[in-house]
Amino acid sequence: MKKIGIIPNFTKDKDMKLTRQIINWIEEHGGQVLLNEIEAEKINRKDLAYKSYKMYKESDFIIVLGGDGTLLGVARRVGWYETPILGVNLGRLGFLTEVELENLYTAMEKIFAEEYTIEKRMMLEAAVINNNVQVETFYGLNDVVISKGAFARIIRLKTYIDGHYLDSYSADGIIISSPTGSTAYSLSAGGPIVNPQNSLLIVTPISPHTLHARSIIVSDKEKVCVEVEGGDNEVVLTIDGQQGYKVKNEDKVVVSKADFYANFVKLNNRTFYDVLRNKLSEMVINKE
């Protein structure tokens with residue numbers, strides 16, 4: 001019996017109708033559904049209720065309903081358990097989601113028939129260090145961003161690669177991206193597009209105040225250390241554009257490859273380049 005976790009999207013599935021339909025389909029096909037306690041109570045199915053961490057750990061895979069933003073949040077929470085994730089796109093633009101809603105049940109049939117593969121995606125770890133003490137640790141799938149706060153002042157970021165001095169960027173900030181995140185903020189800031197099957201770090205300054213500053217790619221064995229230099233500017237650390245942390249003057253942020261991967265269910269033969277071509281075309285059309 002397959003154990004299938006479901007993470008609904010209250011914004012796009014307000015009455016939980018879609019979630020109920022998926023539960024019915026799974027149970028009719030002999031599967032077991034796992035929900036967290038709040039969601040199980042919402043649909044009056046307390047028999048499906050689990051603590052979130054237990055659902056992440058015990059599920060054979062997890063269905064995530066939503067767009068890329070929803071999937072990013074789930075990847076950070078589920079990553080430790082390396083439970084496979086199936087992203088179902090309910091949004092407008094989905095680089096990360098595997099299937100569109102209209103293809104969900106066909107996808108489920110393939111999963112029940114074991115006709116799928118698992119694609120591993122590199123995760124990032126960001127450690128905040130103050131006076132040689134690690135005070136916070138964050139994990140992300142897309143990127144770690146160190147940027148100025150609300151005021152329009154540039155900040156100075158002294159950057160090292162594996163202890164070797166790289167540059168002191170006077171800029172609006174800096175992005176340390178995974179290959180998965182290369183099509184997100186890093187791309188907007190002029191960074192390269194990288195196939196997510198690679199394992200590396202992309203360092204991209206945001207609006208640097210020098211002509212020579214460019215993106216640099218470093219290996220997944222190296223650590224990127226960024227030190228906030230001087231001044232009283234507000235500086236913010238952001239993970240995947242969703243988690244925020246106020247960085248203090250002379251804090252160091254050390255970004256490296258995490259010890260675990262995000263695992264995504266793959267059901268079709270489309271390549272990253274197929275997705276890239278289609279999604280970038282959509283972006284151009286929508287802009288027009």
Side-chain angles (χ1 to χ4, degrees), residues 71-72 75-85 95-96 117-147 157-169 171 173-187 189-206 208 212-229 237-241 243 245 247 250-264 266 271-273 276:
L71 205 58
L72 285 170
R76 289 197 305 274
R77 301 195 301 272
V78 175
W80 275 106
Y81 307 96
E82 297 194 335
T83 304
I85 299 168
F95 270 102
L96 299 176
T117 58
I118 300 297
E119 181 176 273
K120 290 184 174 295
R121 297 285 186 98
M122 171 185 157
M123 295 284 289
L124 298 171
E125 175 181 310
V128 181
I129 299 173
N130 183 276
N131 291 325
N132 295 319
V133 177
Q134 187 166 324
V135 294
E136 291 285 351
T137 305
F138 300 94
Y139 296 95
L141 175 61
N142 261 3
D143 49 42
V144 174
V145 179
I146 304 163
S147 61
L157 302 168
K158 198 170 185 179
T159 306
Y160 299 84
I161 308 295
D162 254 14
H164 301 289
Y165 176 65
L166 175 64
D167 206 343
S168 291
Y169 296 105
I174 193 168
I175 304 164
I176 299 96
S177 167
S178 71
T180 298
S182 71
T183 52
Y185 193 3
S186 178
L187 178 61
I193 295 174
V194 178
N195 188 316
Q197 293 182 12
N198 290 291
S199 188
L200 49 83
L201 299 172
I202 306 162
V203 182
T204 303
I206 306 169
H212 70 274
R214 295 291 184 270
S215 290
I216 181 170
I217 293 175
V218 302
S219 81
D220 62 359
K221 297 178 177 62
E222 295 174 299
K223 294 184 179 182
V224 179
C225 177
V226 179
E227 182 177 345
V228 180
E229 281 194 308
L237 170 67
T238 309
I239 311 297
D240 288 343
Q243 285 183 301
Y245 177 85
V247 180
E250 296 186 0
D251 273 355
K252 295 179 181 179
V253 179
V254 179
V255 183
S256 59
K257 174 185 174 183
D259 291 333
F260 56 88
Y261 290 85
N263 291 324
F264 290 100
K266 296 290 292 180
T271 67
F272 164 71
Y273 306 107
L276 179 66

Side-chain contact, heavy-atom cut-off 4.5 Å: [X] with [Y]?
{"X": "M123", "Y": "S178", "value": "no"}
{"X": "E125", "Y": "F138", "value": "no"}
{"X": "V128", "Y": "Q134", "value": "no"}
{"X": "I161", "Y": "L201", "value": "no"}
{"X": "F264", "Y": "I118", "value": "no"}
{"X": "L166", "Y": "Y160", "value": "no"}
{"X": "I129", "Y": "V254", "value": "yes"}
{"X": "V203", "Y": "I174", "value": "yes"}

Which atom of [X] lies closest to which atom of [Y], heavy atoms considered:
{"X": "L96", "Y": "L71", "value": "CB-CD2, 3.4 Å"}
{"X": "A126", "Y": "V253", "value": "CB-CG1, 4.5 Å"}
{"X": "I206", "Y": "A171", "value": "O-CB, 3.3 Å"}
{"X": "M122", "Y": "P179", "value": "SD-CD, 4.1 Å"}
{"X": "Y261", "Y": "E82", "value": "N-OE2, 2.9 Å"}
{"X": "L141", "Y": "A75", "value": "CD2-CB, 3.9 Å"}

Donor-acceptor pairs are to be reported for all side-chain atoms of residues 216-227 against protein atoms at under 3.5 Å, with residues two or more places apart or in another chain.
residue	atom	partner	partner atom	Å
S219	OG	K221	N	3.2
S219	OG	E222	OE1	3.4
D220	OD2	S199	OG	2.7
E222	OE1	S219	N	3.0

S215 and T204 side chains, donor-acceptor separation under 3.5 Å: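 Looking only at side-chain atoms, S215 and T204 do form a donor-acceptor pair, the distance falling under 3.5 Å.
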
Can you list everything that forms a ring-ring contact (aromatic ring centres under 6.0 Å, His included) with Y185? Sequence neighbours excluded, please.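 In terms of ring-ring contact (aromatic ring centres under 6.0 Å, His included), with neighbours along the sequence ignored, Y185 is linked to no residue.
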
Drop me the distance from [X]'s [atom1] to [Y]'s [atom2], to the nearest 0.5 angstrom.
{"X": "L276", "Y": "L187", "atom1": "CG", "atom2": "CG", "result": "8.5 Å"}
{"X": "E119", "Y": "I85", "atom1": "CD", "atom2": "CD1", "result": "12.0 Å"}
{"X": "D143", "Y": "S182", "atom1": "CG", "atom2": "OG", "result": "10.0 Å"}
{"X": "E250", "Y": "K158", "atom1": "CD", "atom2": "NZ", "result": "10.0 Å"}
{"X": "Q243", "Y": "L237", "atom1": "CD", "atom2": "CG", "result": "9.0 Å"}
{"X": "T238", "Y": "N142", "atom1": "OG1", "atom2": "CG", "result": "12.5 Å"}

Kindly say whether S168 contributes a backbone atom to a donor-acceptor pair with the side chain of Y165 at under 3.5 angstrom? yes

CA sep, side-chain torsions, deciding dist, call: I202, I176, side-chain contact (heavy atoms from CB on, under 4.5 Å): CA-CA 6 Å; I202 306 162; I176 299 96; over 6 Å; no

Suppose we call two aromatic rings close when their centres sit under 6.0 Å apart. Are Y139 and F260 close by that rule? yes

Sequence neighbours left out, what passes side chain to side chain donor-acceptor pair (under 3.5 Å) with N195? Give chain and number order. Y273

Derivation and outcome, side-chain contact (heavy atoms from CB on, under 4.5 Å), residues V135 and Y245: CA-CA 11 Å; V135 294; Y245 177 85; 3.9 Å; yes

